[in-house]
Amino acid sequence: MKDEKIVLCGANAYNQKYYFNDEFDSLPESVKKELQIMCVWFVQEVGGVLALEFDGDGNLELRTEAHEYDGSIDEIGSYLKIKQIREERRELLESLELYFRVFYLGLDPDDAGKEQD
């Protein structure tokens with residue numbers, strides 16, 4: 001699982017869709033709603049595709065992509081929006097990483113929290 005990525009959720013500006021991985025359905029509705037708002041807001045502002053993915057260590061990555069010839073993508077804006085999300089939603093993102101490490105990787109909660117440092 002070290003190299004495998006697991007998508008938590010994502011949004012696509014091209015087909016105007018939001019995706020949430022049902023494997024994480026046990027998350028509180030308020031968290032799921034916040035993730036949806038965050039992803040949809042991002043692609044409405046910047047365009048392209050945003051996916052929140054866990055890596056094999058339980059780190060949550062915000063991955064963006066765009067069609068090769070999409071001239072409407074704001075790459076600088078994309079970078080700044082991701083930075084803004086990481087700053088403003090830091091507590092949420094760290095909590096999601098802890099959740100993943102405990103419930104999916106089977107780590108002890110005390111040990112799982114140390115990996116965030």
Side-chain angles (χ1 to χ4, degrees):
M1 179 166 182
K2 277 286 188 197
D3 296 332
E4 190 176 325
K5 302 222 186 261
I6 298 176
V7 175
L8 169 62
C9 60
N12 186 322
Y14 301 114
N15 59 18
Q16 298 182 344
K17 298 220 180 212
Y18 171 75
Y19 167 78
F20 182 81
N21 187 339
D22 290 337
E23 289 183 40
F24 298 98
D25 202 41
S26 63
L27 286 170
E29 287 301 317
S30 61
V31 171
K32 290 191 260 186
K33 192 68 175 169
E34 189 170 348
L35 289 169
Q36 181 178 8
I37 291 168
M38 184 175 68
C39 290
V40 171
W41 168 74
F42 180 92
V43 297
Q44 284 180 341
E45 293 286 320
V46 179
V49 178
L50 173 68
L52 278 66
E53 301 176 332
F54 290 105
D55 67 14
D57 293 323
N59 299 308
L60 188 59
E61 300 174 358
L62 283 73
R63 182 182 51 81
T64 61
E65 62 181 61
H67 289 158
E68 186 175 356
Y69 299 107
D70 186 349
S72 67
I73 295 297
D74 181 359
E75 290 184 33
I76 294 171
S78 174
Y79 171 79
L80 294 173
K81 289 284 182 205
I82 287 177
K83 184 177 178 185
Q84 180 181 358
I85 288 171
R86 290 196 177 283
E87 289 172 2
E88 292 178 359
R89 314 280 186 166
R90 187 182 84 221
E91 188 175 316
L92 171 67
L93 300 176
E94 288 175 354
S95 296
L96 289 167
E97 288 177 337
L98 180 60
Y99 170 88
F100 184 82
R101 288 178 179 137
V102 170
F103 292 103
Y104 283 83
L105 299 180
L107 299 176
D108 182 90
D110 294 330
D111 296 335
K114 291 177 186 171
E115 293 189 28
Q116 293 178 357
D117 297 335

Item to complete: Please answer: with hydrophobic residues joined when any side-chain heavy atoms are less than 4.5 Å apart, are V7 and I37 in the same cluster?
Response: no
Item to complete: May I ask whether F20 and L62 are part of the same hydrophobic cluster, defined by side-chain heavy atoms of I, L, V, M, F, W, Y residues being less than 4.5 angstrom apart, directly or through others?
Response: yes
Find out whether [X] and [Y] are in side-chain contact, i.e. whether some heavy atom of one side chain is under 4.5 Å from a heavy atom of the other.
X   : Y    : result
V40 : E45  : no
Q84 : R89  : no
F54 : L105 : no
R63 : L50  : no
V31 : L92  : yes

From [X] [atom1] over to [Y] [atom2], what is the distance, rounded to the nearest 0.5 angstrom?
X   : Y   : atom1 : atom2 : value
E97 : D57 : CD    : CG    : 10.5 Å
E53 : I6  : CD    : CD1   : 10.0 Å
L60 : E94 : CG    : CD    : 10.5 Å
F24 : L8  : CZ    : CG    : 5.5 Å
N21 : L27 : CG    : CG    : 10.0 Å
E61 : I82 : CD    : CD1   : 11.0 Å

Could you report the tightest heavy-atom contact between [X] and [Y], atom names first, then the distance?
X   : Y   : answer
S78 : V46 : CB-CG1, 3.5 Å
C9  : Y18 : CB-OH, 3.4 Å
L52 : C39 : CD1-SG, 3.7 Å

Fill in: Exercise: do S26 and Y99 side chains pair donor with acceptor under 3.5 Å
yes
Discussion item. For the backbone of N59 and the side chain of D55, can you confirm whether one donor and one acceptor N or O come within less than 3.5 Å of each other?
Written reply: yes
Worksheet item: Any sub-3.5 Å donor-acceptor pair from K32's side-chain atoms to D25's backbone N or O?
Response: yes
